[in-house]
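See structure below.
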Amino acid sequence: MKVKEKQNMVLSGYAMSSGLAKGKAFLYQDILQRDHELYDITKHEVDDEYIRIEQAIKVVIHDLGLTADRIEEELDKDSADIFHVQKAVLCDPSLLNEIKKELCTELVNGEQIIKRVFHRWERKFREMEDEKFRQRADDIVDISSRLLRELSGIHAHILEDVPDGSILVAKRLLPSDTVFLSRKTTVGTVVEFGGTGSHAALLTREMGIPAVSRIPNLLKYVSQGDVLLIDGFSGSVIVNPDEKTENDFKNRIKQLDISRKKQLEHCFETAKTLDGLTIQVFANVGCREDVQHAIKNGADGVGLYRIEQFYLSRKNPPSEDELFEEIRQSLLPLEDKPATIRLLDAGADKEISFLNMPFEQNPFLGRRGVRLLLEYPDLAISQMRALLRLSKEFNIEVLVPMITLSKEMYEMRKLMVIEANDMGIDKLPLLGAMIETPAAALCAKEISEHADFLSIGTNDLTQYTMVAGRENPLVSDYFIDEHPAVQKMLHIVMRDIGKTPISVCGELAGKVNAISMLLEIGVRTLSVAPLLVPKVKEIIKQTSTM
Ligand code: PEP
Ligand code: MG
(Lines give C-alpha, C1' and ligand atoms only; values in the text may rest on other atoms or scores of the structure.)
(Ligands and ions follow the chains in the order given, each with its own letter.)
Protein backbone atom coordinates (compact mmCIF):
# COMPACT_ATOMS: atom_id res chain seq x y z
CA MET A 1 0.00 0.00 0.00
CA LYS A 2 1.32 3.48 -0.91
CA VAL A 3 2.58 5.59 1.99
CA LYS A 4 0.20 8.47 1.14
CA GLU A 5 -2.87 6.23 1.10
CA LYS A 6 -2.29 5.08 4.61
CA GLN A 7 -1.43 8.34 6.34
CA ASN A 8 -3.51 8.52 9.54
CA MET A 9 -5.13 5.20 8.74
CA VAL A 10 -6.82 3.77 11.83
CA LEU A 11 -6.72 -0.01 12.26
CA SER A 12 -9.14 -1.41 14.81
CA GLY A 13 -8.47 -4.50 16.82
CA TYR A 14 -8.69 -5.72 20.39
CA ALA A 15 -6.88 -4.35 23.40
CA MET A 16 -4.48 -7.08 24.48
CA SER A 17 -2.23 -5.15 26.85
CA SER A 18 -3.04 -1.64 28.04
CA GLY A 19 -0.91 1.45 27.52
CA LEU A 20 0.09 3.83 24.76
CA ALA A 21 3.14 3.60 22.55
CA LYS A 22 4.68 5.35 19.59
CA GLY A 23 7.36 3.65 17.55
CA LYS A 24 8.55 2.38 14.20
CA ALA A 25 7.06 -0.81 12.83
CA PHE A 26 9.35 -3.82 12.84
CA LEU A 27 7.83 -6.56 10.72
CA TYR A 28 8.25 -10.05 12.03
CA GLN A 29 7.13 -12.43 9.36
CA ASP A 30 7.54 -16.13 9.61
CA ILE A 31 9.54 -16.73 6.48
CA LEU A 32 8.13 -20.21 5.94
CA GLN A 33 4.65 -18.79 5.49
CA ARG A 34 5.65 -16.59 2.60
CA ASP A 35 5.01 -17.50 -1.00
CA HIS A 36 8.43 -17.61 -2.57
CA GLU A 37 9.02 -16.68 -6.10
CA LEU A 38 9.24 -19.69 -8.41
CA TYR A 39 11.23 -19.39 -11.59
CA ASP A 40 13.01 -21.78 -13.91
CA ILE A 41 16.72 -21.73 -14.47
CA THR A 42 18.69 -23.18 -17.35
CA LYS A 43 21.36 -25.87 -17.08
CA HIS A 44 24.02 -23.14 -17.53
CA GLU A 45 22.66 -21.22 -14.55
CA VAL A 46 22.90 -24.15 -12.12
CA ASP A 47 26.44 -23.30 -10.99
CA ASP A 48 25.59 -19.66 -10.31
CA GLU A 49 22.46 -20.65 -8.40
CA TYR A 50 24.45 -23.15 -6.35
CA ILE A 51 27.04 -20.46 -5.54
CA ARG A 52 24.18 -18.24 -4.35
CA ILE A 53 22.98 -21.06 -2.05
CA GLU A 54 26.53 -21.74 -0.84
CA GLN A 55 26.99 -18.09 0.03
CA ALA A 56 23.73 -18.04 1.96
CA ILE A 57 24.85 -21.16 3.84
CA LYS A 58 28.18 -19.49 4.72
CA VAL A 59 26.41 -16.42 6.11
CA VAL A 60 23.99 -18.56 8.11
CA ILE A 61 26.85 -20.63 9.55
CA HIS A 62 28.60 -17.43 10.57
CA ASP A 63 25.40 -16.00 12.14
CA LEU A 64 24.75 -19.25 14.01
CA GLY A 65 28.24 -19.03 15.50
CA LEU A 66 27.59 -15.47 16.70
CA THR A 67 24.21 -16.43 18.13
CA ALA A 68 25.73 -19.42 19.95
CA ASP A 69 28.41 -17.19 21.51
CA ARG A 70 25.85 -14.62 22.61
CA ILE A 71 23.46 -17.21 24.05
CA GLU A 72 26.31 -18.90 25.90
CA GLU A 73 27.27 -15.57 27.43
CA GLU A 74 23.71 -14.58 28.34
CA LEU A 75 22.23 -17.96 29.24
CA ASP A 76 24.31 -21.09 29.29
CA LYS A 77 26.18 -23.63 27.22
CA ASP A 78 23.25 -26.01 26.86
CA SER A 79 21.09 -23.34 25.26
CA ALA A 80 23.95 -22.35 22.97
CA ASP A 81 24.37 -25.96 21.84
CA ILE A 82 21.12 -25.73 19.85
CA PHE A 83 22.91 -23.39 17.47
CA HIS A 84 26.07 -25.46 17.30
CA VAL A 85 23.96 -28.46 16.27
CA GLN A 86 22.32 -26.38 13.53
CA LYS A 87 25.74 -25.35 12.27
CA ALA A 88 26.77 -29.01 12.07
CA VAL A 89 23.66 -29.86 10.04
CA LEU A 90 24.54 -27.17 7.51
CA CYS A 91 28.02 -28.64 7.10
CA ASP A 92 26.67 -32.14 6.39
CA PRO A 93 27.96 -33.13 2.91
CA SER A 94 24.93 -35.34 2.19
CA LEU A 95 22.66 -32.35 2.61
CA LEU A 96 24.76 -30.24 0.28
CA ASN A 97 24.85 -33.05 -2.28
CA GLU A 98 21.11 -33.38 -2.17
CA ILE A 99 20.68 -29.65 -2.73
CA LYS A 100 23.02 -29.76 -5.73
CA LYS A 101 21.30 -32.82 -7.18
CA GLU A 102 17.84 -31.30 -6.76
CA LEU A 103 19.04 -28.10 -8.41
CA CYS A 104 20.40 -30.01 -11.45
CA THR A 105 17.27 -32.10 -11.92
CA GLU A 106 14.54 -29.61 -11.06
CA LEU A 107 16.09 -26.51 -12.61
CA VAL A 108 14.28 -23.99 -10.40
CA ASN A 109 15.56 -21.18 -8.18
CA GLY A 110 17.41 -21.70 -4.89
CA GLU A 111 14.52 -20.66 -2.60
CA GLN A 112 12.34 -23.43 -4.01
CA ILE A 113 15.13 -25.98 -3.76
CA ILE A 114 15.83 -25.11 -0.13
CA LYS A 115 12.12 -25.35 0.71
CA ARG A 116 11.78 -28.77 -0.96
CA VAL A 117 15.00 -30.36 0.34
CA PHE A 118 14.54 -29.13 3.90
CA HIS A 119 10.91 -30.14 3.92
CA ARG A 120 12.02 -33.67 2.98
CA TRP A 121 14.67 -33.68 5.69
CA GLU A 122 12.22 -32.40 8.24
CA ARG A 123 9.81 -35.26 7.42
CA LYS A 124 12.64 -37.76 7.58
CA PHE A 125 13.61 -36.61 11.06
CA ARG A 126 10.02 -36.44 12.30
CA GLU A 127 9.46 -40.07 11.33
CA MET A 128 12.54 -41.37 13.14
CA GLU A 129 12.17 -43.69 16.09
CA ASP A 130 14.81 -42.09 18.23
CA GLU A 131 13.44 -39.09 20.10
CA LYS A 132 16.77 -37.27 19.85
CA PHE A 133 16.52 -37.32 16.07
CA ARG A 134 12.85 -36.41 16.06
CA GLN A 135 13.72 -33.26 17.97
CA ARG A 136 16.22 -32.42 15.25
CA ALA A 137 13.24 -31.79 12.92
CA ASP A 138 12.61 -28.42 14.57
CA ASP A 139 16.21 -27.48 13.94
CA ILE A 140 15.77 -28.34 10.28
CA VAL A 141 12.78 -26.00 10.08
CA ASP A 142 14.75 -23.30 11.84
CA ILE A 143 17.75 -23.67 9.52
CA SER A 144 15.59 -23.56 6.40
CA SER A 145 13.96 -20.35 7.68
CA ARG A 146 17.37 -18.80 8.19
CA LEU A 147 18.53 -19.86 4.73
CA LEU A 148 15.38 -18.61 3.03
CA ARG A 149 15.70 -15.32 4.84
CA GLU A 150 19.26 -14.99 3.65
CA LEU A 151 18.44 -15.96 0.07
CA SER A 152 15.51 -13.55 -0.03
CA GLY A 153 17.60 -10.75 1.44
CA ILE A 154 15.36 -10.41 4.48
CA HIS A 155 17.49 -9.71 7.48
CA ALA A 156 14.98 -7.85 9.59
CA HIS A 157 13.33 -10.94 10.94
CA ILE A 158 15.11 -12.21 14.02
CA LEU A 159 13.52 -10.94 17.17
CA GLU A 160 16.91 -10.78 18.80
CA ASP A 161 17.82 -7.99 16.42
CA VAL A 162 14.82 -5.72 16.91
CA PRO A 163 16.08 -2.11 17.01
CA ASP A 164 15.37 -0.07 20.15
CA GLY A 165 12.00 1.64 20.31
CA SER A 166 10.27 -0.66 17.80
CA ILE A 167 6.69 -1.74 17.55
CA LEU A 168 6.66 -5.39 16.69
CA VAL A 169 4.17 -6.23 13.96
CA ALA A 170 3.46 -9.92 13.40
CA LYS A 171 0.86 -12.39 12.28
CA ARG A 172 1.14 -14.10 15.64
CA LEU A 173 3.65 -14.54 18.43
CA LEU A 174 4.33 -17.96 19.87
CA PRO A 175 5.50 -18.49 23.44
CA SER A 176 8.98 -19.32 22.13
CA ASP A 177 9.09 -16.03 20.18
CA THR A 178 8.25 -14.06 23.27
CA VAL A 179 11.43 -15.28 24.94
CA PHE A 180 13.21 -12.68 22.80
CA LEU A 181 10.97 -9.73 23.64
CA SER A 182 12.59 -7.00 25.67
CA ARG A 183 11.18 -3.75 26.98
CA LYS A 184 14.12 -1.81 25.66
CA THR A 185 13.69 -2.83 22.06
CA THR A 186 9.95 -3.41 21.88
CA VAL A 187 7.74 -0.55 23.00
CA GLY A 188 4.57 -2.14 21.64
CA THR A 189 3.24 -5.09 19.69
CA VAL A 190 0.49 -5.48 17.11
CA VAL A 191 -0.57 -8.93 15.96
CA GLU A 192 -3.10 -10.25 13.50
CA PHE A 193 -4.00 -13.27 15.60
CA GLY A 194 -3.91 -13.63 19.35
CA GLY A 195 -6.48 -13.88 22.08
CA THR A 196 -6.41 -11.89 25.29
CA GLY A 197 -5.65 -15.07 27.21
CA SER A 198 -2.76 -16.11 24.97
CA HIS A 199 0.71 -16.33 26.42
CA ALA A 200 1.89 -13.55 24.14
CA ALA A 201 -0.80 -11.35 25.66
CA LEU A 202 0.19 -12.35 29.17
CA LEU A 203 3.83 -11.70 28.54
CA THR A 204 3.28 -8.29 26.99
CA ARG A 205 1.05 -7.33 29.92
CA GLU A 206 3.59 -8.59 32.38
CA MET A 207 6.32 -6.62 30.67
CA GLY A 208 4.11 -3.55 30.47
CA ILE A 209 4.25 -3.47 26.69
CA PRO A 210 1.05 -2.12 25.12
CA ALA A 211 -0.40 -4.58 22.61
CA VAL A 212 -3.25 -4.74 20.13
CA SER A 213 -4.43 -7.91 18.43
CA ARG A 214 -6.82 -9.24 15.83
CA ILE A 215 -6.35 -6.75 13.00
CA PRO A 216 -7.25 -8.61 9.81
CA ASN A 217 -4.66 -8.41 7.00
CA LEU A 218 -2.38 -6.42 9.25
CA LEU A 219 0.72 -7.03 7.17
CA LYS A 220 -0.97 -5.56 4.12
CA TYR A 221 -1.41 -2.19 5.79
CA VAL A 222 1.80 -1.89 7.76
CA SER A 223 5.25 -1.78 6.20
CA GLN A 224 8.65 -1.93 7.76
CA GLY A 225 9.52 1.44 9.31
CA ASP A 226 5.99 2.92 9.32
CA VAL A 227 5.36 5.13 12.33
CA LEU A 228 2.68 3.58 14.52
CA LEU A 229 0.70 4.94 17.44
CA ILE A 230 -0.80 2.09 19.39
CA ASP A 231 -3.55 2.42 21.91
CA GLY A 232 -3.68 -0.64 24.12
CA PHE A 233 -6.76 0.68 25.94
CA SER A 234 -9.09 0.93 22.97
CA GLY A 235 -7.31 -1.61 20.78
CA SER A 236 -6.50 0.70 17.89
CA VAL A 237 -3.45 1.54 15.82
CA ILE A 238 -2.81 4.67 13.79
CA VAL A 239 -0.43 4.28 10.85
CA ASN A 240 1.85 7.17 9.84
CA PRO A 241 0.00 9.89 11.79
CA ASP A 242 -0.04 13.52 10.66
CA GLU A 243 1.54 16.12 12.92
CA LYS A 244 -1.60 17.01 14.84
CA THR A 245 -2.58 13.40 15.53
CA GLU A 246 0.94 12.63 16.67
CA ASN A 247 1.06 15.65 18.99
CA ASP A 248 -2.33 14.80 20.52
CA PHE A 249 -1.12 11.26 21.10
CA LYS A 250 2.12 12.45 22.68
CA ASN A 251 0.03 14.57 25.08
CA ARG A 252 -1.96 11.49 26.03
CA ILE A 253 1.28 9.62 26.70
CA LYS A 254 2.38 12.53 28.94
CA GLN A 255 -0.91 12.47 30.88
CA LEU A 256 -0.64 8.73 31.31
CA ASP A 257 2.91 9.10 32.63
CA ILE A 258 1.71 11.70 35.12
CA SER A 259 -1.07 9.47 36.50
CA ARG A 260 1.31 6.50 36.61
CA LYS A 261 3.83 8.55 38.53
CA LYS A 262 1.09 9.47 41.00
CA GLN A 263 0.18 5.80 41.48
CA LEU A 264 3.86 4.97 41.90
CA GLU A 265 4.22 7.56 44.69
CA HIS A 266 1.74 5.53 46.75
CA CYS A 267 2.63 2.05 45.58
CA PHE A 268 4.57 1.09 48.71
CA GLU A 269 1.60 1.77 50.95
CA THR A 270 -0.52 -1.15 52.13
CA ALA A 271 -3.67 -1.54 50.05
CA LYS A 272 -6.60 -1.06 52.43
CA THR A 273 -10.21 -0.94 51.29
CA LEU A 274 -12.45 1.94 52.36
CA ASP A 275 -13.88 -0.34 55.06
CA GLY A 276 -10.42 -1.10 56.40
CA LEU A 277 -9.61 -4.55 54.99
CA THR A 278 -5.98 -5.18 54.10
CA ILE A 279 -5.52 -6.75 50.68
CA GLN A 280 -2.21 -8.21 49.64
CA VAL A 281 -1.17 -7.28 46.14
CA PHE A 282 1.44 -9.63 44.77
CA ALA A 283 3.10 -9.84 41.37
CA ASN A 284 3.22 -12.54 38.71
CA VAL A 285 6.78 -12.98 37.50
CA GLY A 286 8.78 -15.18 35.16
CA CYS A 287 12.37 -14.01 35.48
CA ARG A 288 14.85 -11.90 37.42
CA GLU A 289 13.89 -8.67 35.70
CA ASP A 290 10.23 -9.17 36.57
CA VAL A 291 11.04 -9.53 40.25
CA GLN A 292 13.01 -6.28 40.21
CA HIS A 293 10.11 -4.67 38.46
CA ALA A 294 7.66 -6.07 40.99
CA ILE A 295 9.64 -4.64 43.90
CA LYS A 296 9.93 -1.22 42.24
CA ASN A 297 6.18 -1.21 41.74
CA GLY A 298 5.42 -1.90 45.39
CA ALA A 299 4.38 -5.57 45.19
CA ASP A 300 3.92 -7.15 48.62
CA GLY A 301 5.57 -10.30 47.30
CA VAL A 302 5.46 -12.70 44.37
CA GLY A 303 2.11 -14.47 44.03
CA LEU A 304 3.02 -16.56 41.01
CA TYR A 305 6.50 -17.35 39.78
CA ARG A 306 6.19 -19.09 36.41
CA ILE A 307 9.35 -21.12 35.81
CA GLU A 308 8.58 -22.23 32.23
CA GLN A 309 11.16 -19.77 30.83
CA PHE A 310 13.91 -21.94 32.28
CA TYR A 311 12.69 -24.88 30.21
CA LEU A 312 11.71 -23.37 26.85
CA SER A 313 14.25 -23.34 23.99
CA ARG A 314 16.46 -25.94 25.63
CA LYS A 315 17.67 -29.33 24.56
CA ASN A 316 17.97 -30.62 28.12
CA PRO A 317 16.12 -29.81 31.32
CA PRO A 318 17.90 -27.50 33.75
CA SER A 319 19.57 -29.36 36.61
CA GLU A 320 18.60 -28.93 40.25
CA ASP A 321 21.66 -26.72 40.75
CA GLU A 322 20.88 -24.54 37.75
CA LEU A 323 17.30 -24.05 38.87
CA PHE A 324 18.43 -23.28 42.40
CA GLU A 325 20.93 -20.69 41.19
CA GLU A 326 18.62 -19.03 38.65
CA ILE A 327 15.68 -18.76 41.01
CA ARG A 328 17.89 -17.79 43.92
CA GLN A 329 19.43 -14.89 42.01
CA SER A 330 16.03 -13.66 40.98
CA LEU A 331 14.57 -13.86 44.49
CA LEU A 332 17.35 -11.86 46.17
CA PRO A 333 15.65 -8.44 45.78
CA LEU A 334 12.58 -9.80 47.61
CA GLU A 335 14.50 -10.12 50.90
CA ASP A 336 11.91 -11.51 53.33
CA LYS A 337 8.85 -10.89 51.18
CA PRO A 338 6.95 -14.08 50.29
CA ALA A 339 7.14 -15.80 46.93
CA THR A 340 4.91 -18.53 45.55
CA ILE A 341 6.83 -20.59 43.03
CA ARG A 342 4.89 -22.76 40.66
CA LEU A 343 6.25 -26.11 39.53
CA LEU A 344 6.68 -26.46 35.78
CA ASP A 345 3.42 -26.04 33.91
CA ALA A 346 4.41 -27.63 30.61
CA GLY A 347 2.33 -29.22 27.90
CA ALA A 348 -0.37 -27.90 25.57
CA ASP A 349 0.95 -24.63 24.11
CA LYS A 350 4.06 -24.66 26.32
CA GLU A 351 5.76 -27.53 24.58
CA ILE A 352 9.01 -28.73 26.07
CA SER A 353 11.15 -30.12 23.30
CA PHE A 354 13.26 -32.54 25.36
CA LEU A 355 10.33 -34.51 26.76
CA ASN A 356 9.52 -37.62 24.86
CA MET A 357 5.89 -36.65 24.55
CA PRO A 358 3.71 -38.78 22.30
CA PHE A 359 1.43 -37.03 19.84
CA GLU A 360 -1.85 -36.00 21.43
CA GLN A 361 -4.97 -35.19 19.48
CA ASN A 362 -5.89 -32.43 21.87
CA PRO A 363 -2.98 -31.42 24.09
CA PHE A 364 -4.98 -28.80 26.00
CA LEU A 365 -7.07 -31.70 27.27
CA GLY A 366 -4.08 -33.94 27.57
CA ARG A 367 -1.01 -34.38 29.70
CA ARG A 368 -0.08 -30.99 31.02
CA GLY A 369 0.91 -29.39 34.31
CA VAL A 370 0.87 -31.80 37.23
CA ARG A 371 -0.04 -34.73 34.97
CA LEU A 372 3.33 -34.37 33.26
CA LEU A 373 5.16 -33.92 36.56
CA LEU A 374 3.74 -37.18 37.81
CA GLU A 375 4.59 -38.85 34.52
CA TYR A 376 8.19 -37.58 34.60
CA PRO A 377 9.13 -37.74 38.29
CA ASP A 378 12.77 -36.78 37.62
CA LEU A 379 11.54 -33.46 36.32
CA ALA A 380 9.42 -32.91 39.42
CA ILE A 381 12.16 -34.06 41.78
CA SER A 382 14.81 -31.64 40.50
CA GLN A 383 12.38 -28.75 40.90
CA MET A 384 11.21 -29.85 44.30
CA ARG A 385 14.76 -30.26 45.59
CA ALA A 386 15.79 -26.85 44.24
CA LEU A 387 12.77 -25.27 45.93
CA LEU A 388 13.36 -27.11 49.19
CA ARG A 389 16.92 -25.75 49.22
CA LEU A 390 15.60 -22.27 48.49
CA SER A 391 13.07 -22.54 51.30
CA LYS A 392 15.93 -22.48 53.81
CA GLU A 393 16.86 -19.00 52.66
CA PHE A 394 13.62 -17.48 51.38
CA ASN A 395 10.01 -17.20 52.42
CA ILE A 396 8.65 -19.42 49.66
CA GLU A 397 5.61 -21.55 48.95
CA VAL A 398 5.29 -24.23 46.26
CA LEU A 399 2.36 -24.25 43.89
CA VAL A 400 1.19 -27.21 41.78
CA PRO A 401 -0.30 -26.39 38.35
CA MET A 402 -3.37 -27.82 36.57
CA ILE A 403 -4.83 -29.90 39.36
CA THR A 404 -7.98 -31.83 38.50
CA LEU A 405 -7.93 -34.58 41.13
CA SER A 406 -7.23 -34.22 44.85
CA LYS A 407 -5.11 -37.35 44.50
CA GLU A 408 -2.60 -35.36 42.44
CA MET A 409 -1.99 -33.08 45.43
CA TYR A 410 -1.58 -36.11 47.64
CA GLU A 411 1.06 -37.49 45.26
CA MET A 412 2.92 -34.20 45.04
CA ARG A 413 3.00 -33.85 48.81
CA LYS A 414 4.35 -37.38 49.08
CA LEU A 415 7.11 -36.43 46.65
CA MET A 416 7.91 -33.29 48.64
CA VAL A 417 8.10 -35.20 51.93
CA ILE A 418 10.35 -37.92 50.48
CA GLU A 419 12.79 -35.38 49.05
CA ALA A 420 12.75 -33.24 52.19
CA ASN A 421 13.52 -36.31 54.33
CA ASP A 422 16.32 -37.25 52.00
CA MET A 423 17.75 -33.74 52.30
CA GLY A 424 17.28 -33.61 56.08
CA ILE A 425 14.86 -30.70 55.88
CA ASP A 426 12.08 -30.82 58.46
CA LYS A 427 10.44 -27.45 57.96
CA LEU A 428 8.52 -27.92 54.74
CA PRO A 429 7.35 -24.96 52.65
CA LEU A 430 3.58 -24.67 52.19
CA LEU A 431 2.25 -26.63 49.24
CA GLY A 432 -0.65 -25.19 47.28
CA ALA A 433 -2.93 -26.17 44.38
CA MET A 434 -3.82 -24.11 41.36
CA ILE A 435 -7.54 -24.02 40.81
CA GLU A 436 -7.77 -23.59 37.07
CA THR A 437 -9.96 -26.43 35.85
CA PRO A 438 -13.72 -26.69 36.39
CA ALA A 439 -13.14 -30.02 38.17
CA ALA A 440 -10.79 -28.36 40.64
CA ALA A 441 -13.19 -25.46 41.17
CA LEU A 442 -16.16 -27.74 41.77
CA CYS A 443 -14.14 -29.99 44.08
CA ALA A 444 -12.04 -27.26 45.72
CA LYS A 445 -13.14 -28.52 49.15
CA GLU A 446 -11.65 -31.98 48.57
CA ILE A 447 -8.50 -30.49 47.06
CA SER A 448 -8.11 -28.05 49.96
CA GLU A 449 -7.88 -31.03 52.30
CA HIS A 450 -4.53 -31.83 50.67
CA ALA A 451 -3.40 -28.25 50.06
CA ASP A 452 -2.08 -25.61 52.45
CA PHE A 453 -3.34 -22.89 50.15
CA LEU A 454 -5.05 -22.40 46.80
CA SER A 455 -4.49 -20.07 43.90
CA ILE A 456 -7.14 -19.48 41.27
CA GLY A 457 -5.81 -19.26 37.72
CA THR A 458 -8.65 -17.54 35.94
CA ASN A 459 -6.96 -17.79 32.54
CA ASP A 460 -7.16 -21.54 32.28
CA LEU A 461 -10.35 -21.63 34.31
CA THR A 462 -11.91 -19.38 31.66
CA GLN A 463 -10.50 -21.48 28.83
CA TYR A 464 -11.97 -24.70 30.22
CA THR A 465 -15.24 -23.22 31.50
CA MET A 466 -16.01 -21.29 28.34
CA VAL A 467 -14.57 -24.01 26.07
CA ALA A 468 -12.46 -21.43 24.26
CA GLY A 469 -8.76 -22.07 23.66
CA ARG A 470 -6.76 -19.17 25.00
CA GLU A 471 -4.43 -19.23 21.99
CA ASN A 472 -7.24 -19.67 19.47
CA PRO A 473 -8.17 -16.36 17.84
CA LEU A 474 -11.21 -17.91 16.18
CA VAL A 475 -12.99 -18.26 19.51
CA SER A 476 -11.65 -15.27 21.40
CA ASP A 477 -15.17 -13.87 21.59
CA TYR A 478 -15.93 -16.78 23.90
CA PHE A 479 -12.88 -16.28 26.07
CA ILE A 480 -14.58 -14.01 28.62
CA ASP A 481 -13.05 -14.17 32.06
CA GLU A 482 -15.70 -11.81 33.45
CA HIS A 483 -18.52 -14.08 32.26
CA PRO A 484 -21.11 -15.11 34.90
CA ALA A 485 -20.15 -18.76 34.32
CA VAL A 486 -16.58 -18.06 35.47
CA GLN A 487 -17.85 -15.90 38.33
CA LYS A 488 -20.09 -18.75 39.48
CA MET A 489 -17.06 -21.03 39.56
CA LEU A 490 -15.25 -18.49 41.75
CA HIS A 491 -18.26 -18.24 44.07
CA ILE A 492 -18.35 -22.01 44.49
CA VAL A 493 -14.65 -22.13 45.34
CA MET A 494 -14.92 -19.31 47.88
CA ARG A 495 -18.05 -20.86 49.42
CA ASP A 496 -16.56 -24.33 49.78
CA ILE A 497 -12.99 -23.94 50.95
CA GLY A 498 -13.51 -22.78 54.52
CA LYS A 499 -10.44 -21.10 55.94
CA THR A 500 -7.90 -22.33 53.37
CA PRO A 501 -5.88 -19.28 52.24
CA ILE A 502 -6.60 -18.39 48.65
CA SER A 503 -5.42 -15.91 46.05
CA VAL A 504 -6.39 -15.08 42.49
CA CYS A 505 -3.46 -14.95 40.08
CA GLY A 506 -5.11 -15.00 36.64
CA GLU A 507 -5.55 -11.89 34.51
CA LEU A 508 -8.94 -11.20 36.07
CA ALA A 509 -7.18 -10.08 39.26
CA GLY A 510 -5.84 -7.01 37.47
CA LYS A 511 -9.07 -5.93 35.81
CA VAL A 512 -10.53 -2.67 37.06
CA ASN A 513 -14.12 -3.93 36.92
CA ALA A 514 -13.44 -7.31 38.49
CA ILE A 515 -11.52 -6.24 41.59
CA SER A 516 -14.55 -5.21 43.67
CA MET A 517 -16.35 -8.47 42.76
CA LEU A 518 -13.33 -10.50 43.89
CA LEU A 519 -13.11 -8.62 47.18
CA GLU A 520 -16.86 -9.01 47.73
CA ILE A 521 -16.68 -12.80 47.44
CA GLY A 522 -13.89 -12.89 49.99
CA VAL A 523 -10.63 -12.84 48.04
CA ARG A 524 -7.94 -11.06 50.06
CA THR A 525 -4.87 -11.71 47.93
CA LEU A 526 -4.45 -10.74 44.31
CA SER A 527 -1.48 -11.40 42.08
CA VAL A 528 -1.08 -9.32 38.94
CA ALA A 529 1.50 -8.25 36.36
CA PRO A 530 4.22 -6.14 38.09
CA LEU A 531 3.26 -3.02 36.20
CA LEU A 532 -0.35 -3.26 37.38
CA VAL A 533 0.48 -3.39 41.10
CA PRO A 534 0.29 0.41 41.71
CA LYS A 535 -3.00 0.71 39.83
CA VAL A 536 -4.58 -2.29 41.55
CA LYS A 537 -3.57 -0.86 44.93
CA GLU A 538 -5.15 2.47 43.98
CA ILE A 539 -8.41 0.76 42.96
CA ILE A 540 -8.52 -1.27 46.19
CA LYS A 541 -8.16 1.92 48.22
CA GLN A 542 -11.25 3.30 46.49
CA THR A 543 -13.30 0.12 47.01
CA SER A 544 -15.56 -0.91 49.86
CA THR A 545 -16.56 -4.52 50.45
CA MET A 546 -19.67 -3.55 52.45
C1 PEP B 1 -3.96 -19.13 34.82
O2 PEP B 1 -4.24 -20.10 34.14
O3 PEP B 1 -4.80 -18.25 35.16
C4 PEP B 1 -2.59 -18.90 35.30
C5 PEP B 1 -2.30 -17.95 36.15
O6 PEP B 1 -1.61 -19.71 34.78
P7 PEP B 1 -0.97 -19.52 33.30
O8 PEP B 1 -1.52 -18.22 32.76
O9 PEP B 1 0.49 -19.50 33.48
O10 PEP B 1 -1.48 -20.69 32.58
MG1 MG C 1 -2.79 -21.73 33.96
List the residues meeting side chain to side chain donor-acceptor pair (under 3.5 Å) with Ser527, not counting sequence neighbours, and say none if there are none.
Asn284

Going by the rule side chain to side chain donor-acceptor pair (under 3.5 Å), which residues pair with Glu375 if we only count those two or more places apart in sequence or in a different chain?
Arg367

Main chain of [Y], side chain of [X]: is a donor-acceptor contact present, judged purely on distance under 3.5 Å?
X      : Y      : value
Tyr464 : Phe364 : yes
Thr437 : Ile403 : yes
Asp290 : Gly286 : yes
Glu192 : Asn217 : yes
Asn421 : Ile418 : no
Ser144 : Lys115 : no
Ser382 : Leu379 : yes
Ser319 : Glu322 : yes
Asp481 : Asn459 : no
Gln329 : Glu326 : no

Carboxylate-amine/guanidinium proximity below 4.0 Å for [X] and [Y]:
X      : Y      : answer
Lys87  : Asp81  : no
Arg328 : Glu393 : yes
Glu111 : Arg52  : yes
Lys101 : Glu98  : no
Glu54  : Lys58  : no
Arg146 : Asp63  : no
Arg368 : Asp460 : yes

Fit a plane to each ring of His450 and Tyr410, take the angle between them on a 0 to 90° scale, and name the class: parallel (under 30°), tilted (30 to 60°) or perpendicular (over 60°).
perpendicular

Going through the checks in order, is the side-chain contact (heavy atoms from CB on, under 4.5 Å) test met by Ile53 and Leu103?
CA-CA 10 Å; Ile53 296 175; Leu103 199 55; 4.2 Å; yes

Show your working on side-chain contact (heavy atoms from CB on, under 4.5 Å) between Arg342 and Glu308 and close with a plain yes or no.
CA-CA 9 Å; Arg342 185 176 69 184; Glu308 287 73 43; 3.2 Å; yes

For Tyr478, I'd like to know if atom OH has over 12 heavy atoms of other residues, nucleotides or ligands within 6.0 Å.
no

Trace of the side-chain contact (heavy atoms from CB on, under 4.5 Å) decision for Phe394 with Leu332
CA-CA 9 Å; Phe394 298 97; Leu332 287 174; 3.8 Å; yes

